[in-house]
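Presented below is the structure to which this report refers.
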Amino acid sequence: MPTPINPQTLKPAELMRILNTAGRGTVLTETRLRRHRNRAGYVIGDDKTINLFRYAAWLTLEYFRPKQEPMDYAEKKRLQAIRNAEEVRAAQDIGELPEIGNPQRRESAIKSFRVFCESYFPEIFYLPWSMDHLRVIEKIEKAVLSGGLFAMAMPRGSGKTVMAETAVLWAALIGAVPFVCLIASSASRARDLLENIKVWLETNPFLKEDFPEVCFPIQCLERITNRQKGQKYRNEPTRIEWNVDKVVLPTIEGSAASGVVISSSGMKGSDIRGQNYARPDGQVVRPQLVLIDDPQTSESAWSESQSTDRERILAGDVLGMAGPGKKIAGLMACTVIRPGDMADNILNRDKHPEWQGERTKMVYMFPSNEKLWAKYAELRGDSLRNDGDGRIATRFYEENREAMDAGSRVAWPERYNDDEISGLQHAMNLKIRDENAFFSEYQNSPIIEMPGEEMMTSEEIAGKTNGYDRGVIPLDCNHLTMFIDVQQKALYWLLAAWDGCFNGFVVDYGTWPDQQRVYFTLRDIQKTLATAIPNSGLEGAIYGGLEKLCDERLNRSYYREDGVEMRINQCLIDSNWGQSTDVVYQFCRQSQHAAILFPSHGKYVGASSIPFAEYAKKRGDRIGHHWRVPNTAGKRQVRHVLIDTNYWKSFVHARFAVNMGDPGCLSLFGHDPKVHTMLAEHLVAEYRVQASANGRTVDEWKIRPSHPDNHWLDCLVGCAVGASMQGVELGTLKTIQKPQRPRVKLSELRK
C-alpha cells in the first residue's frame with residue numbers, strides 16, 4: 001500500500017511530479033519553481049518542503065496583482081545609475097579605523113628614530129649597529145626634529161640609502177614636517193626611492209598595526225589608484241594621492257601624518273622648482289625636508305662643469321624649496337667618486353660648513369703585517385683562477401689571524417659574508433679585488449688618478465734600434481743581466497747590457513721552449529713546457545725548463561764588440577705566480593748558478609701603499625733604489641728581491657723616451673723594427689695613470705682592457721732592477737745613502 005502524501009510538506013521533486021502528471025503537460029519546471037521560492041520566501045514553505053495550498057494561494061495573488069506599466073529604457077538607466085552611485089558611495093567609505101596594535105611600541109618609535117628602525121624594519125637592520133651608524137642616526141634625528149643640513153658618505157652596503165628612506169618615512173608618520181621631497185641623480189631613480197616607501201606603507205605588518213590612520217586607508221586602495229579620488233572616512237574625503245612621483249597621506253582628523261606630502265624629483269632645476277601643495281584648510285605648504293640620495297652619476301662626477309652645475313642647483317633650487325624666509329632641513333646620502341667632485345666638496349666642512357659633512361670609512365686602520373696579507377692575496381687569487389672559492393686563503397687567515405689582524409681597526413666588525421670570518425677579511429677582499437674602487441666606494445677617499453705623460457707607441461719603441469747584431473754587447477757595457485718570467489706554458493726571458501750611466505741595450509730575448517715563430521701569444525703557444533719536459537707534472541716541467549734555459553744562457557759566453565768575453569752577472573726569476581713560487585726557490589737554491597740567481601717578487605706600491613723608503617730597515621737588509629732584499633731567507637733558505645714594479649715600469653719607459661746618445665737611453669738590437677713588433681706590444685701592454693693619496697703622487701700601471709701579453713715588459717723591468725743591484729745608477733736617481741756614524745774608541749768615551 002503506497003505511503004500517503006501530505007500536501008503541506010511536499011518536497012520540490014514530489015510537487016513537480018504531481019503537477020506535471022495532472023494531464024496539462026509540463027506545468028512546472030525546476031528553474032521556475034526555484035524562482036518562485038526565492039520570491040515568495042517562507043510564505044510557501046521552508047528550506048526543504050513546500051505547502052501546496054499556500055503555494056496555490058500565492059500564485060493566485062500574484063496573478064491578480066495589478067500590473068505596473070513597463071518602464072522605458074531611459075528610466076531604467078536612470079534608476080540603475082542611482083543604485084550604482086549608492087553602491088559606489090557605500091564602497092568609498094573605508095569604515096572605522098582599526099585600533100592601534102601596540103601603543104607602547106608606537107610611542108617609543110615616535111620619540112626615537114633608532115627605535116623606529118629596529119621595531120618596524122628588523123629584517124633590514126638585523127646586524128648590530130656600528131659606532132658610525134649610531135652617530136649618523138643621531139644626526140638624522142636632529143635634522144628631522146630640529147632642522148639643519150646633514151650630508152653623510154658611508155661605505156657602500158652600509159645602509160645609508162635605506163636609513164635615509166626610513167628617516168623620511170619616520171618624519172612623515174610623526175608629522176615632523178608637512179612636505180618631504182626625495183631627490184636623486186635622475187627622476188627615475190627618485191621614483192624608485194618613493195616606490196620603496198609606498199611598498200612599506202602597503203605591506204609592512206608592524207606599520208599596519210601601529211599606524212592604522214595612515215596604512216589602513218592606503219591598503220583599502222588595493223593598489224587601484226582610481227579609488228583615491230573618492231575615498232572617504234566618516235563621510236569626509238581623505239584626499240589621499242597615490243601617484244608615481246607624489247604621495248599625499250590620508251587626511252584623517254587627529255592624525256599627525258594627516259595630509260603629509262612626499263614627492264620625488266630628479267637633480268634638475270626645472271623639476272625641483274615650484275613644488276607646493278594646497279591643503280584642505282587653505283594653507284599652501286612647500287617642502288621643508290629634502291632627502292638627496294647619490295645626487296651625482298659617474299659621468300657627472302668626472303665632469304667639472306657638471307659637478308659645479310649640480311652644486312649650484314643644490315645651493316639655489318634645492319635649498320630654496322621652502323620658499324622665501326623659511327629654512328629647510330636636508331639629508332644627503334652620497335658617495336665620493338673623485339676628489340673635487342660634488343660629493344667631496346659638500347662633505348668638506350671648510351667649503352660647506354652648513355652641511356656638517358660626515359665621512360665614514362670601512363677601515364680606519366689597516367693591518368700592519370702586509371707580508372701575510374700579500375701571501376693571502378696570492379693564495380686567494382690562485383684559488384679563484386683555478387675555479388676555486390678562496391677557501392684556502394680563508395684557512396690561511398684563520399691560522400694566522402692574530403698576526404694578520406694586528407694594528408687594524410674596522411668600523412663595522414659584524415659586516416662580512418658567509419664564506420668569511422671577520423669584517424677585516426671582508427674589507428681586505430674588497431681591497432684586493434679593486435683597490436681604486438675600494439678607496440672610493442668603501443673609504444670615501446678615492447685615489448686621484450690623472451692621465452700620465454704621453455707614452456710611446458709600440459711602433460716608436462720597435463723603431464728604437466741601435467744597429468748592433470743580436471747577442472753583441474756594446475763597447476761601454478760592463479753589466480749583463482737576465483730576467484725569466486715564469487708562465488704555465490713557457491718561460492719568457494730577456495737579456496740586457498748596461499753601462500755605468502744606465503744606458504741600456506736589449507741584447508736578446510725569447511721563450512723556452514723556442515717557438516720558432518715570428519709572432520705568437522701565450523694563449524696560442526704550441527711548444528709548451530709540458531711537451532718539452534715529458535712525463536712530469538707542472539712543477540717538474542717548470543723546474544726542468546728553468547734548468548735547461550739557465551744552462552743554455554748562464555753557461556754561455558757573450559762578447560763585447562771589442563772582443564772582451566762577458567758572462568751574465570745577475571739573473572732574476574719571477575716568483576709571483578702561485579704554483580711556481582716553491583719550485584723557483586728550490587731551483588735557485590739547488591742550481592749550479594745559485595750565486596747569481598735571485599727569486600723576485602713584484603710588489604704593487606700604489607699611492608696609498610707604504611713606499612719602500614719608509615720600511616724600517618732590519619739588520620742585514622739590502623736597500624736599493626725602489627727594491628730591497630730582506631735579510632731573512634725564511635723557510636726556503638733563499639734570499640729574494642722585492643721590486644716596486646710601478647716605479648720600474650715608469651723607469652724603463654722613460655729610458656726609451658731618451659734620445660740616442662744621451663745618458664740613460666734604452667734601445668733594441670738590429671736595424672729592422674719589424675723584428676721587434678711582438679716585443680714592443682708587450683712593452684705597451686700596460687698604461688700608466690698618476691694617482692695621489694696620503695700626500696703622495698705616483699705612477700700606477702694598469703693592464704689594458706684587452707689583457708694583452710706583458711711578459712717581456714716584466715722581463716725588461718727585472719733586468720733594469722738586476723743592473724741596479726749590480727751598482728748601476730742613473731745620475732739623477734742616485735740612491736740616497738745614510739751618513740755613516742763616526743766610529744768612537746772606547747778609550748775616548750772614558751775621558
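Computed from a predicted structure; not experimentally measured.
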Suppose we call two aromatic rings close when their centres sit under 6.0 Å apart. Are Trp200 and Phe121 close by that rule?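 Here the rings of Phe121 and Trp200 have centres that are less than 6.0 Å from each other.
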Under 3.5 Å, is there a donor-acceptor pair between the [X] and [Y] side chains?
| X | Y | result |
| --- | --- | --- |
| Thr238 | Gln231 | yes |
| Asn102 | Glu209 | no |
| Gln275 | Ser263 | yes |
| Asp293 | Thr161 | yes |
| Glu62 | His36 | no |
| Thr335 | Glu441 | no |
| Ser188 | Ser186 | yes |

Pairs under 3.5 angstrom only: tabulate donor-acceptor contacts from the side chains of residues 137-148 to other protein residues two or more places apart or in another chain.
residue: Lys139; atom: NZ; partner: Glu358; partner atom: OE1; Å: 3.4
residue: Glu141; atom: OE1; partner: Phe113; partner atom: N; Å: 2.9

Non-neighbouring partners of Arg78 that pass salt bridge (charged side-chain N to carboxylate O under 4.0 Å, His left out), sequence neighbours left out: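 Counting only residues at least two positions away or on another chain, Arg78 forms a salt bridge (charged side-chain N to carboxylate O under 4.0 Å, His left out) with Glu75.
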Qualifying ring pair (Phe, Tyr, Trp, His ring centres under 6.0 Å) pairs, either residue in residues 412-435, two or more places apart: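 Residue pairs passing ring pair (Phe, Tyr, Trp, His ring centres under 6.0 Å), neighbours aside: His133-Trp412.
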Classify the angle between the aromatic ring planes of Phe116 and Phe211 as parallel (below 30°), tilted (30 to 60°) or perpendicular (above 60°).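 The rings of Phe116 and Phe211 stand perpendicular, inter-plane angle above 60°.
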Any carboxylate oxygen within less than 4.0 angstrom of a Lys/Arg side-chain nitrogen, looking at Glu435 and Lys431?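 Salt bridge flag = yes for Lys431 with Glu435.
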Tell me whether Glu202 is salt-bridged to Lys198, with the criterion being a basic N under 4.0 Å from an acidic carboxylate O.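 Between Lys198 and Glu202 there is no salt bridge, as every charged N stays at least 4.0 Å from the carboxylate O atoms.
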Can you give me the closest heavy-atom contact between Trp58 and Ala40, atom names plus distance?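 Smallest interatomic distance, heavy atoms only, reads CE2-CB, 3.6 Å.
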